[in-house]
Structure formats: structure tokens, C-alpha cells
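Numbers here are sequence positions counted from 1. When reading the values below, keep in mind they use all heavy atoms of this one structure, side chains included, and skip hydrogens, waters and symmetry mates. Just so it is clear, the model here is predicted, and its values are computed rather than measured.
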Amino acid sequence: MKAPAPPSRRIALAAAALLAVAAVILGVTLASGDDSGSGGRGGARDTGGGGLTAEQRRRADQLVSVFENGTTRIQYAYAENLHDGRGVTAGRAGFTTDDGDALEVVRAYTKREPDNPLARFIPALRRLADGEGAGEADADGSRPRAFPDTDYIAAWKRAAADPVFREVQDAQVDDRYFTPALRAAEKAGLRSPLAVAELYDASIQHGNGSDGDGLPALVRRTTAKAGTPAEAGEKAWLNAFFDVRVHDLTHPVNPDTADEWRESVDRVEALRRLAESGHQALDGPFTVTAFGSRYTIN
């Protein structure tokens with residue numbers, strides 16, 4: 001599960017957000033780039049029948065980036081320990097070291113580029129994912145050595161300059177977050193691109209696991225509350241989903257998320273405001289206000 005961007009992180013990224021706004025004024029599209037100015041598709045693609053067009057997907061990715069990083073510009077090189085119990089959070093979707101997310105990204109990258117700056121962290125990432133700590137216990141049986149956050153963060157930032165690493169991040173987002181959200185939307189009978197984008201954003205933040213905070217549980221609770229989208233109407237179902245998600249953010253099953261998630265309610269309300277203003281088709285350009293700042297989605 002993903003923690004939202006805390007206020008300190010959003011403030012740190014304010015300069016990038018201002019640059020993005022300036023670029024919009026100049027008519028430059030930034031959503032497909034990364035934070036170093038190098039290229040990358042930024043997740044934009046045609047997802048085929050029943051999904052989003054390439055332009056709608058790009059706007060959905062921009063929305064997620066606003067909520068995760070405080071900018072419409074995809075942040076492949078972001079890396080920071082948020083001290084939220086998940087170790088280092090890094091990359092365009094906040095891949096974390098302590099729950100196996102980052103391990104899968106680094107493994108996939110190493111399969112394509114064996115000689116990369118992150119490969120040497122695989123053993124420690126595997127131990128963290130298995131709940132064994134970052135390193136071997138000392139001879140006296142004391143706690144394992146701490147994960148080398150500083151070295152890992154520097155290596156992640158170096159790797160983000162590689163187009164292959166950015167492609168790996170895109171593929172991981174598709175496989176682990178977007179595709180499950182798209183399937184959930186199709187199974188529920190949701191039709192609007194905004195509904196798909198909302199489930200995608202929830203998939204990024206809440207994950208797709210079987211726990212009570214995951215996307216599947218949120219969808220089940222919404223249907224139990226409002227009926228299916230066919231019964232309630234998609235607009236009413238989506239509004240109920242917003243309510244269920246806000247309740248989960250303020251009363252999460254996993255107590256480790258409580259402090260961070262309480263600060264992220266406006267992430268959901270921003271999407272609710274889009275729905276209320278008639279942007280169900282995700283046609284651009286439009287503006288979104290989140291955490292007190294305005295962003296232009298092209």
C-alpha cells in the first residue's frame with residue numbers, strides 16, 4: 001500500500017510544480033518526461049477496448065503524479081525515506097523497500113540491465129520483503145544492520161537517468177496497479193474514464209492485496225453500501241466509492257498508515273470535485289486543485 005505525499009514532500013516539489021505550470025503556459029507538454037528532463041512515455045498508451053485512450057491514460061497518470069509528487073511531471077528519480085514504516089519510497093508510483101515493491105522493480109531492471117547501480121541491493125531488498133531485516137545478524141545475535149538508505153537513494157537517482165529503468169517503472173505500474181484497476185472497473189461495470197482513473201489512483205495508494213485497505217475491499221464495501229453501478233447508477237456508485245475511500249483513509253485497517261493517510265483526504269476530494277464539474281470523460285485541458293495548489297491537466 002502506498003502512503004500519500006506528505007506536506008514536506010509536496011513543499012519540496014513545489015518548484016517542479018511551478019515549472020510544470022510555466023511549461024503549460026508556454027504550450028509545452030511535460031507529462032511524458034521525468035524529473036531530470038529526459039524522455040519517457042510517462043505511462044501514456046492506448047489500453048485497448050474497455051480501457052482508456054492514450055490521451056485519457058496520460059491524464060490519469062498526471063493526476064496520480066499530482067497526488068503522489070505534487071507535479072504533473074512523472075517523477076522516476078524521486079526517492080526518500082518518509083519514515084512511515086515502509087522504508088524508502090521511490091519512483092513514479094512510490095515503490096517501497098520494506099514490502100517487496102521495490103524488489104520487483106529492481107529485479108525486473110536487473111534482468112534487462114544486469115550491470116546497473118541498484119543490482120547490489122537485491123539481497124537486502126529480498127530480506128526486507130521477507131521480513132528478515134536488511135542484513136545478517138551480528139555474531140552476538142544483535143539486530144541486523146540497517147538498510148543503507150543513503151546509498152540506495154543515490155543509486156536510484158542514478159538509475160533513473162537510464163531510459164530502460166524508466167520503461168521498467170512504466171511496465172511495473174501497468175502490471176501491478178493500472179491493469180488490476182482496469183479489471184476491477186470492468187468487473188463492476190464502470191464505464192467512465194474518470195471512474196477508471198479513480199480506481200487506478202486507489203490502486204496506487206491502497207494496493208490490490210486481500211487486506212481490508214486494498215482496492216478489492218474498497219470496491220466490495222462500496223457495492224454493499226450503494227449496490228452495483230448498474231443498480232445505483234455510475235455517478236451514485238462513484239460518489240459512494242469516494243465516501244468509502246475517505247473513511248478508509250481516516251480509519252485504515254493498517255495502523256501504520258494512519259498518520260500519513262489522514263493527510264491525504266483531499267486526494268479523493270479532488271477527484272470528487274472533477275466528477276461534480278463534469279469531467280467524467282477525462283477530456284483536457286482541465287484544472288485540478290489538490291492540497292491547496294492548482295494544476296493544469298492537458
Side-chain angles (χ1 to χ4, degrees), residues 2-3 5-6 8-20 23 30-44 61-62 64-129 133-136 144-177 204:
K2 302 295 169 242
S8 59
R9 179 174 165 192
R10 295 194 295 270
I11 292 170
L13 288 161
L18 290 174
L19 287 174
L30 290 177
S32 62
D34 71 356
D35 60 340
S36 64
S38 52
R41 70 173 173 79
D61 280 318
Q62 285 182 295
V64 170
S65 186
V66 163
F67 302 142
E68 286 284 318
N69 295 105
T71 173
T72 59
R73 191 174 176 87
I74 305 301
Q75 300 289 297
Y76 294 99
Y78 169 77
E80 181 182 4
N81 189 332
L82 299 173
H83 303 289
D84 60 357
R86 293 177 178 78
V88 175
T89 298
R92 58 166 295 177
F95 303 107
T96 50
T97 56
D98 283 14
D99 60 7
D101 277 3
L103 173 62
E104 294 306 313
V105 175
V106 176
R107 276 176 169 167
Y109 181 36
T110 302
K111 187 175 292 186
R112 293 186 59 182
E113 295 286 352
D115 185 18
N116 73 73
L118 290 165
R120 65 189 177 94
F121 296 98
I122 289 178
L125 289 169
R126 185 170 57 245
R127 285 188 287 269
L128 285 174
E136 301 293 340
R145 295 183 298 276
F147 185 78
D149 287 6
T150 302
D151 291 346
Y152 176 80
I153 289 169
W156 186 284
K157 292 180 181 295
R158 288 198 304 275
D162 182 0
V164 173
F165 187 48
R166 297 195 294 274
E167 290 173 7
V168 167
Q169 289 193 47
D170 290 340
Q172 288 285 315
V173 168
D174 285 349
D175 293 344
R176 303 181 62 159
Y177 304 117
I204 290 279

Exercise. For Asp175, check side chain to side chain contact (heavy atoms under 4.5 Å, CB included) against everything at least two apart and list the hits.
Key: none
Quiz prompt | Set of side chain to side chain contact (heavy atoms under 4.5 Å, CB included) partners for Ala154, sequence neighbours left out | solution = Arg158
Self-check item: Counterpart residues, salt bridge (Lys or Arg N to Asp or Glu O under 4.0 Å), relative to Glu104 (two or more places apart)
Solution: Arg107
Quiz item: How would you list, by chain and number, every residue that makes a salt bridge (Lys or Arg N to Asp or Glu O under 4.0 Å) with Arg112, sequence neighbours excluded?
Solution: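 Once residues adjacent in sequence are excluded, the partners of Arg112 under the salt bridge (Lys or Arg N to Asp or Glu O under 4.0 Å) criterion are Glu167.
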Let me confirm one number: the [atom1]-[atom2] distance from [X] to [Y], rounded to the nearest 0.5 Å.
X: Leu118; Y: Glu113; atom1: CG; atom2: CD; value: 12.0 Å
X: Thr110; Y: Ile122; atom1: OG1; atom2: CD1; value: 3.5 Å
X: Arg92; Y: Glu68; atom1: CZ; atom2: CD; value: 10.0 Å
X: Arg166; Y: Ile74; atom1: CZ; atom2: CD1; value: 12.0 Å
X: Thr89; Y: Asn69; atom1: OG1; atom2: CG; value: 10.0 Å

Could you tell me if the side chain of [Y] sits less than 4.5 Å from the side chain of [X], heavy atoms only?
X: Leu128; Y: Phe147; value: yes
X: Arg120; Y: Asp151; value: yes
X: Val106; Y: Leu125; value: yes
X: Phe95; Y: Val173; value: yes

Self-check item: Residues in side chain to side chain donor-acceptor pair (under 3.5 Å) contact with Asp149, at least two apart in sequence or another chain
Solution: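 Listed in chain order: Asn81.
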Residue pair [X] / [Y]: nearest heavy atoms and the distance that separates them:
X: Thr96; Y: Asp99; answer: OG1-OD1, 2.6 Å
X: Arg126; Y: Leu103; answer: CA-CD2, 3.8 Å
X: Val168; Y: Ala108; answer: CG1-CB, 3.9 Å

Quiz item: Would you say the side-chain atoms of Trp156 pair up with the backbone N or O of Tyr76, donor to acceptor, closer than 3.5 Å?
Solution: yes
Self-check item: Donor-acceptor under 3.5 Å (Ser65 side chain, Thr71 main chain)
Solution: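 Yes, because the side chain of Ser65 sits within donor-acceptor range (under 3.5 Å) of the backbone of Thr71.
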Practice problem: Could you tell me how the ring of Phe121 sits relative to the ring of Tyr152: parallel (under 30°), tilted (30 to 60°) or perpendicular (over 60°)? | Solution: perpendicular
Self-check item: For Tyr109, ring pair (Phe, Tyr, Trp, His ring centres under 6.0 Å) partners two or more places apart
Solution: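 Phe165.
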